[in-house]
There are 2 protein chains.
Amino acid sequence: MSDIDLSERKKQILFQAVEDYIENANPITSGAMVSKSETTLSSATLRNELNTLEQMGYLKQLHTSSGRVPTTKGYRFFVNTIKDNCKADLEGLMKIKNVFETRTINLTELIKVVADKISEVTDYPTVVSLGGIDKLEILSIKIIPLMTYQALMLIETPRGLLNNTLELQQNFDEQSCIDAGRVLTNKFKSMTIGQMIDSIETKHQEILTELNEYAGFFEYVLQALVSLTKQYAKDGVYSKGATKLLKNPEYQNVEQAKDVLRLLEDKEELKTLIEEDSDGDIAFSIGDELNDDRLSECTIAKAHCKINGESIASVGIIGPKRMDYAKISGALKFIVDEFNKTDLLELNGDNKKGDKNG
Amino acid sequence: MSDIDLSERKKQILFQAVEDYIENANPITSGAMVSKSETTLSSATLRNELNTLEQMGYLKQLHTSSGRVPTTKGYRFFVNTIKDNCKADLEGLMKIKNVFETRTINLTELIKVVADKISEVTDYPTVVSLGGIDKLEILSIKIIPLMTYQALMLIETPRGLLNNTLELQQNFDEQSCIDAGRVLTNKFKSMTIGQMIDSIETKHQEILTELNEYAGFFEYVLQALVSLTKQYAKDGVYSKGATKLLKNPEYQNVEQAKDVLRLLEDKEELKTLIEEDSDGDIAFSIGDELNDDRLSECTIAKAHCKINGESIASVGIIGPKRMDYAKISGALKFIVDEFNKTDLLELNGDNKKGDKNG
DNA sequence: TGTTAGCACTCTCATTCTTTGAGTGCTAGC
DNA sequence: GCTAGCACTCAAAGAATGAGAGTGCTAACA
């Protein structure tokens, strides 16, 4: 994948060509590059170089007498080159800083705020998916009885609240619920949600005995936990700004846009697409690299927010291959950094985290 | 607004013409109507009638030698005629029946389910907005302390849960929170949320004294209540299936679709649009009747779900003027009926609602 | 008086042909 | 190795044409 066979001059020409194309959406022509004084070479020499770059697979012509557009390989070269050189509207993003620091915010709320802001700043459709709630640590479990034979189950995690409704067969009084919550907290505190579910499934009988007094609850809790995971698989995806796609000239034709827009409405598909692993925290999948006909003209930029090396949430930005890579790369880097920062804060002991009362 | 000046024959021709156009999107021509044996008249006679209908403002020609399409007046005639004669995929809708009966479901969850289902059944973009939470009755108020100087505030209503996070200056212990919740419940139970806010604002000092022991909380609760109303103004709108608009031939041009699609992403605008009052439970606003240039080619079908005559939630279906009025009318009627049915259930005392324990 | 057959007229849409010009590749000379 | 110059290519836009779908109008008929 290295571009060793490119002379320094070719690299420079190619970079400028792609940059130009990203900005203007007009095929790259020798004349235009000369008149923009992007080079001191003559248009004829440039033509030779562009011709060679085409033969090497970085560019392609739509027809004999047209300018050239980048191929996936061309974009890939460009992305690898700008990698550490990104611009972004950081000021616009600053506003979500405090959202990361507010831990009690509902997790589905959190991903909304993040997606809204990134979509606003980048001007592309943005998807955020909550991928690994099973890796979140349990801080406390609370059960709140409601009228009508139901109760609300709350799980506090360092990243925010998870909640779910429990169906009961009888009404329990408030104190029983509080006590049950306390027992469950003592039992599962410091485990991850995944570990808790594992533990419940493997040591079912053992725990049931241990929880003895609240065994009645326990059956419902188990049930609620399973459906909670399901629930978050569905609710844990939020997409914003789909129609921003239509601003781009490549989507002036409804037929072209339809497939992508429909995908942007399909939460389940989005989830698998965005959470799919990629090397590095931030990665771009360009056109055919996505192995999906509907997306052959798209690029998806992905970032994974991790705790202890495991992905908790994934952010995806979807646009045409001709997207603003530098800006997007900057925005995603900001998010990942902020996420890691609050992560550190937490490990070192956040001074706002006072005495607990569970 | 009456169509008294129309002969029976003209009414029949007009109705069939509009019905045809809604189904096929092809301008109505005398030839086509004859060959579909929708009439025993000759095409020439039909042409005379269509001509008259055009002069009366029910139809219009795009150009001299083209067929005719309905005007807003034409659609309006059609809608008024089918009013009580609607077809809908009721089986598909049946599935949401139980959602209405589950009271503890989070209200923002409820509107999602409803919008998803209606959009699926009608195949049009659907918006549901929670318009009148201030008219909901308070069943109980609960405060749940969390770590990190915050608490969760829950308000139970006959329609579902409302929740919000409270910022605290100090950590309160669990028992204080429960007690405070109980006191607040006793104080505000059976009031509507609107009455509670009123009461808090006018009798601020009085209540503060009354709540004496929990006065510390009270300031935060007030704050939380205000932001709760704001929060639901923003979160209380859910839109589904925007891209379904693109299935319709009138939106094959991106420029045409853009405005409406953008509107479908703007929650605040949607809210005002959908909640706007209309006569009757179900109403259609056709094209220019909407007084909005962006929507001049759209129809919006609205339904208001009411409790004691006041609108709590509004459902809107957005499509081209050439939308399937009968199907949509049926779907909306179903929703309104179901809503009223559970309302009644509740007034008569739901047998599932057991002894309370607040 | 209402209905209809027949015909002239209109206007869009698809097709074909032409022209224009932007852009390339190649070659010969610097 | 670079570049001026020229022949060549091809898409895109415009003009011309014909077909056909549909109308309005008129005159004749029941």
Side-chain angles (χ1 to χ4, degrees), chain A residues 5-14 16-18 20-21 23-71 74 249-250 252-253 256, chain B residues 5-14 16-18 20-21 23-71 74 249-250 252-253 256:
Chain A
D5 43 348
L6 287 177
S7 70
E8 209 39 58
R9 189 170 82 176
K10 283 203 179 57
K11 282 186 184 174
Q12 206 171 334
I13 291 172
L14 178 56
Q16 270 163 350
V18 179
D20 243 38
Y21 185 67
E23 196 177 331
N24 306 311
N26 294 324
I28 307 139
T29 69
S30 56
M33 286 192 77
V34 169
S35 69
K36 280 182 198 160
S37 53
E38 283 170 355
T39 172
T40 53
L41 301 173
S42 77
S43 71
T45 312
L46 216 45
R47 275 203 294 284
N48 282 329
E49 292 288 55
L50 293 172
N51 196 331
T52 318
L53 285 167
E54 174 163 9
Q55 273 155 34
M56 294 171 85
Y58 291 99
L59 300 171
K60 67 169 180 257
Q61 275 184 307
L62 303 171
H63 53 86
T64 334
S65 68
S66 81
R68 293 172 169 91
V69 297
T71 58
E250 29 275 272
Q252 282 320 289
N253 178 335
Q256 240 114 54
Chain B
D5 43 349
L6 286 178
S7 71
E8 210 39 60
R9 189 171 80 172
K10 281 201 182 59
K11 281 186 186 174
Q12 205 171 336
I13 291 173
L14 179 55
Q16 269 163 353
V18 179
D20 243 36
Y21 184 67
E23 196 177 330
N24 307 310
N26 294 325
I28 306 139
T29 69
S30 56
M33 286 191 78
V34 170
S35 68
K36 278 182 198 160
S37 53
E38 283 169 355
T39 173
T40 52
L41 301 173
S42 76
S43 69
T45 314
L46 215 44
R47 275 203 291 284
N48 282 331
E49 292 289 55
L50 292 174
N51 197 332
T52 319
L53 285 168
E54 174 163 9
Q55 273 155 37
M56 295 171 86
Y58 290 100
L59 300 172
K60 67 167 181 260
Q61 274 184 306
L62 303 172
H63 52 85
T64 336
S65 68
S66 81
R68 294 173 168 90
V69 296
T71 59
E250 30 275 274
Q252 283 318 292
N253 177 335
Q256 241 113 55

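Chain letters run A, B, ... following the sequence lines, proteins first and then strands; every chain starts at 1. The figures here come from the full heavy-atom set of this structure, side chains too, leaving out hydrogens, waters and symmetry mates.
- A donor atom on one side chain and an acceptor atom on the other are not found under 3.5 Å apart for D20(B) and Q16(B).
- Put simply, the side chain of N24(A) reaches to within 4.5 Å of the side chain of K36(A), judged on heavy atoms.
- Within a 6.0 Å sphere centred on CD of Q12(A), other residues, nucleotides and ligands contribute 12 heavy atoms or fewer.
- Separating the CD1 atom of I13(A) from the C1' atom of dG1(D) is a distance of 13 Å, rounded to the nearest angstrom.
- For Q61(B) (side chain) and S66(B) (main-chain N/O), a donor-acceptor pair under 3.5 Å exists by modelled atom type.
- Each of I28(B), L50(B), L59(B) was evaluated against L14(B); a single residue qualifies, L59(B), per the side chain to side chain contact (heavy atoms under 4.5 Å, CB included) test.
- Using a distance-only test at 3.5 Å, with no hydrogens or angles considered, a donor-acceptor pair links the side chain of T71(B) to the main chain of G57(B).
- Between the P atom of dA11(D) and the NE2 atom of H63(A) lies a distance of 5 Å, rounded to the nearest Å.
- An OP1 or OP2 oxygen of dT3(C) is reached within less than 4.0 angstrom by no side-chain nitrogen or oxygen of S42(B).
- Where T45(B) and L62(B) meet DNA chain C, the nucleotide closest to each residue was compared, and T45(B) sits on the side nearer the 5' end.
- As a whole-Å value, the separation of N26(B) CG from dC13(C) P is 12 Å.
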| field | Contact letters for nucleotides 21-30 of chain D, in which S counts primed atoms plus P, OP1 and OP2 and B counts the base, heavy atoms under 4.0 Å | value | -SBB------
